[in-house]
Amino acid sequence: MGVSRFSRRFHGAYNVRTRNPPIPCFQRRLLSGSNSKINGGDSVLPVLIVGAGPVGLVLSILLTKLGVKCAVLEKNKALSKHPQAHFINNRSMEVFRKINGLADEIMRSQPPVEFWRKFIYCTSLIGPILSSVDQMQPQDFDRIVSPVSVAHLSQYKLTRLLIKQLENIGFRIESEELSPDVVRLEEHEVLMGHECTSINTNDHGVTVTASFFREGKYMEKDFRCDFLIGTDGAGSTVRKLMAIDMSGEKDLQKLISVHFMSQDLGQYLINERPGMLFFIFNTEAIGVLVAHDLKQGEFVLQVPFYPPQQKLEDFSFKMCERLIFKLVGRELADIDVMDVKPWVMHAEVAERFLSCNNRIILAGDAAHRFPPAGGFGMNTGIQDAHNLAWKLASVINGISPPSILSTYEMERSQIANFNTALSLQNFKAAMAVPAALGLDPAIANAVHKTINNTVGSILPSELQRAFLDGIFSIGRAQLSDSLLNENNPLGSRRLAKLRQIFEEGKSLQLQFPAEDLGFRYHKGALVSDGDSLSSAPETPTGRRRDYIPSTDPGSRLPHMNIRLLSKLSSRELFSTLDLVSSDNVEFLLVIAPIEESYVLARAAFKVAEELKVPLKVSVMWPEQTIEGISRSETALSPWKNIVDAVEVKRSPSSPSWWDLCRMTDRGAILVRPDEHIAWRAKSGTMNDPISELKKIFHVVLGLQSSYT
Ligand SMILES: Cc1cc2nc3c(=O)[nH]c(=O)nc-3n(C[C@H](O)[C@H](O)[C@H](O)COP(=O)(O)OP(=O)(O)OC[C@H]3O[C@@H](n4cnc5c(N)ncnc54)[C@H](O)[C@@H]3O)c2cc1C
């Protein structure tokens with residue numbers, strides 16, 4: 001039995017002191033066992049989620065929709081009010097679209113797009129603009145590739161909407177300080193103020209010990225579950241307890257986030273230069289201002305932080321106000337600093353997402369932590385939850401063995417590694433602008449490292465601080481009007497370099513449609529065909545590229561508008577994505593209304609029935625189809641789970657469904673419950689469709705490891 005010991009620091013965080021190698025069945029603790037321990041009841045939760053951040057909350061909603069009983073443990077007594085993430089990408093919005101109107105609620109709650117579509121580079125908020133880059137393109141609004149658009153909403157506001165969704169589906173948010181004997185963790189509950197500190201596993205399940213403060217002391221309580229999901233953020237306790245290392249680049253940059261309100265500033269920016277991000281460079285200060293909501297005047301300022309010479313105490317609310325005024329270029333009468341938080345930027349992915357025979361699983365920041373450039377952090381986590389939910393549900397419902405969960409790691413670690421590289425490239429692109437102005441952050445970091453490694457060890461701290469400040473103010477002097485102008489040869493070269501970066505679109509990007517909608521799993525719960533095998537995972541370019549619809553196995557099902565043949569007169573439009581159910585672990589087979597495809601669909605129904613996996617067949621009719629024609633029920637009788645859909649082309653010259661999929665109408669597409677393609681047949685003709693489909697379902701459901 002291996003035991004890791006951790007020490008508790010004064011502010012409540014825990015540090016690893018020693019680490020033992022991972023072992024399959026074990027007990028691991030963060031705290032010494034001196035606290036009083038109470039048993040949390042005899043019931044065993046199918047799924048216990050540790051961490052009520054956006055990823056844990058989305059996972060609990062998705063699992064509940066799929067009929068899986070789960071509960072959430074959260075260490076804080078109240079949910080965070082720090083705005084943090086704000087950009088919700090297209091794929092996350094598609095996931096939210098299927099959570100009882102959540103995407104609509106986000107669209108209603110977010111600021112108007114005109115207020116956040118630009119990134120602005122300037123010397124102060126009232127001073128000259130160096131450049132303004134529009135991050136939206138006309139196609140981002142036309143809903144051709146997706147039924148929803150991207151959105152901009154602060155993470156804490158999204159979290160509130162997620163909590164509301166949970167309450168609507170019967171969850172209780174328990175934040176009362178209940179008497180320790182009364183505390184139970186039952187399904188459909190978010191238990192606040194309880195911190196996971198130790199985990200034990202054996203062949204029968206997992207026991208989580210949670211620590212909580214009551215009656216003047218720390219107490220502990222045990223909770224049992226079949227599966228434990230660690231969605232406990234970048235510093236994940238679950239990950240540390242499992243002794244899972246991260247690989248990648250650590251400590252890229254240390255920053256201070258200053259959350260503040262000022263309607264004065266919000267109104268000024270609405271009138272003069274609305275935008276989402278403001279990169280401000282002047283001789284007195286440098287910072288990135290994130291406008292979370294211009295109308296409400298809600299902002300977060302990010303400034304570089306160089307400890308130990310700089311200390312968190314140096315960023316008092318008063319000092320932050322002064323810093324903000326320097327960046328704005330004037331004082332703000334109504335400034336209200338809410339919170340100051342340090343954070344460290346990493347680009348790392350966990351070496352494993354699974355532990356203890358797949359009973360303990362990491363998702364979200366617990367599994368990967370990226371630079372926020374491009375807003376991939378929370379979005380990647382939400383898509384982890386989407387990938388994991390149906391697989392967990394199929395294990396708990398007895399459709400799949402726990403080995404299917406290995407495909408979660410296979411699929412999601414590939415995407416996490418890709419998104420890490422992409423976020424890093426985008427972060428470096430963001431750094432190109434200050435570098436062109438003579439303020440290369442890499443040089444600043446190198447100088448800081450040198451101070452720490454050389455003079456840092458011998459000089460008193462005040463002198464180190466003065467030395468660092470001196471170097472940085474010399475750096476910022478590069479931005480003085482006398483230097484940065486067209487008449488000064490150096491200034492004019494720098495301004496020309498800056499123009500080149502913006503003209504070539506090489507600054508920080510917000511949108512990546514090719515990666516956001518077009519990410520594709522290359523191996524996992526899918527069967528590749530000859531065509532898709534040849535296309536190896538791409539390397540990220542760091543530049544915006546358009547999404548190209550694809551039905552290569554592992555891709556997301558392309559979106560096209562459709563109508564239902566049974567309700568053609570209603571003119572109501574749906575998306576092909578709506579054909580996939582989000583309320584049960586149901587697979588979807590899309591075919592054309594031709595005899596050989598009906599043969600295939602009948603075989604698929606038979607196999608699915610044998611394997612006890614729900615299947616729906618959707619028959620895609622061409623646009624000219626008229627009401628009253630014989631529908632597919634007769635051809636597919638006795639099976640009933642059939643939807644006749646009619647494609648809706650944008651214009652007569654637009655591609656048909658099968659053209660969009662780069663297939664013919666003799667093909668078929670098998671779609672997983674997370675809308676990713678499990679398998680496709682370019683032609684419906686098969687010698688023995690039943691035995692072929694059996695092999696395919698066996699691989700996709702994790703009943704067999706390869707298609708042979
Ligand atoms: C400045 C900044 C801007 C960003 N912008 C974007 C953006 O625009 N788009 C985007 O997609 N991402 C963005 N991100 C990243 C995003 O904020 C994170 O990826 C996101 O918060 C991850 O969500 P999570 O649920 O995995 O983890 P978290 O949000 O960190 O939630 C983890 C939860 O677990 C709880 N917890 C921790 N330990 C324990 C324990 N032992 N027991 C019980 N509970 C525990 C924590 O209290 C917390 O509530 C940004 C990040 C930063 C710093």
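Counting starts at 1 for both ligands and their atoms, in listed order.
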For Thr237, the atoms of ligand 1 under 4.0 Å from one of its heavy atoms are 41 (N)

Gly233 heavy atoms within 4.0 Å reach ligand 1 at atoms 27 (O), 30 (O), 32 (C)

| Gln302 near ligand 1, heavy-atom distance under 4.0 Å? | yes

* Hey, is ligand 1 close enough to Met378 that some N/O pair sits below 3.5 Å? -> yes

Taking only non-hydrogen atoms of Val50 and a 4.0 Å limit, the atoms of ligand 1 in range are 40 (C), 42 (N), 43 (C)

Rounded to the nearest 0.5 angstrom, the CG-OG distance for Asn76 and Ser175 is 12.0 Å

Under 4.0 Å between heavy atoms, the region of Leu73 that gets near ligand 1 turns out to be backbone

Counting from 1 in the order shown, the ligand 1 atoms closer than 4.0 Å to a non-hydrogen atom of Gly377 are 10 (C), 11 (O), 12 (N), 19 (O)

Quick one: does His676's side chain get under 4.5 Å of Glu411's, heavy atoms only?
no

Quick look: Ala85 vs ligand 1, heavy-atom contacts under 4.0 Å, and the answer is both

Looking only at non-hydrogen atoms, the one of Gln155, Met276, Gln84 nearest atom 51 (C) of ligand 1 is Gln84

Is it the case that the side chains of Asn387 and Tyr521 hold a donor-acceptor pair, with the cut-off being a distance below 3.5 Å and no angle test? yes

Taking only non-hydrogen atoms of Arg369, do any sit less than 4.0 angstrom from ligand 1? no

Taken to the nearest 0.5 Å, the spacing of Ile173 CD1 from Glu74 CD works out to 11.0 Å

Taking only non-hydrogen atoms of Gly364 and a 4.0 Å limit, the atoms of ligand 1 in range are 26 (O)

Within the 4.0 Å heavy-atom cut-off, what Thr231 brings close to ligand 1 is backbone

Contact check: Pro372 vs ligand 1, nitrogen or oxygen atoms, below 3.5 angstrom
no

Side-chain donor-acceptor pair under 3.5 Å between Ser236 and Asp232, yes or no?
yes

### Side-chain ion pair, Asp293 and Lys157, N-O less than 4.0 Å
yes

Does any donor atom in the side chain of Ser146 or Glu94 lie under 3.5 Å from an acceptor atom in the other side chain? yes

Check whether any side-chain N or O of Glu409 sits under 3.5 Å from a backbone N or O of Leu354 as a donor-acceptor pair, and report yes or no.
yes

Query raised in the report: Hey, does Phe87 come in under 3.5 Å of ligand 1, counting only N/O atoms on both sides?
Result: yes

Short version for Phe370: what comes under 4.0 Å of ligand 1, heavy atoms counted, is neither

*Where the side chain of Glu174 meets the backbone of Leu185, is there a donor-acceptor pair that is under 3.5 Å apart?*
no

Close N or O approach (Ser257, ligand 1; < 3.5 Å): no

Handout entry: Ala234 N/O to ligand 1 N/O under 3.5 Å
Key = no

- Message: Ring-plane angle category for His82 and His259, please: parallel below 30°, perpendicular beyond 60°, tilted otherwise.
- Response: perpendicular

| message | Any nitrogen or oxygen of Gly375 lying under 3.5 Å from a nitrogen or oxygen in ligand 1? Just yes or no. | response | yes

Per-atom filter on ligand 1: closer than 4.0 angstrom to a heavy atom of His194 are 43 (C)

- Query: Hey, do the aromatic rings of Phe418 and His368 have their centres closer than 6.0 Å?
  - Reply: no

- Task: Look at ligand 1 and say whether Gly381 reaches it with a heavy atom at a distance under 4.0 Å.
- Result: no

**Prompt:** Is the centre of the Phe315 ring less than 6.0 Å from the centre of the Phe317 ring?
**Reply:** no

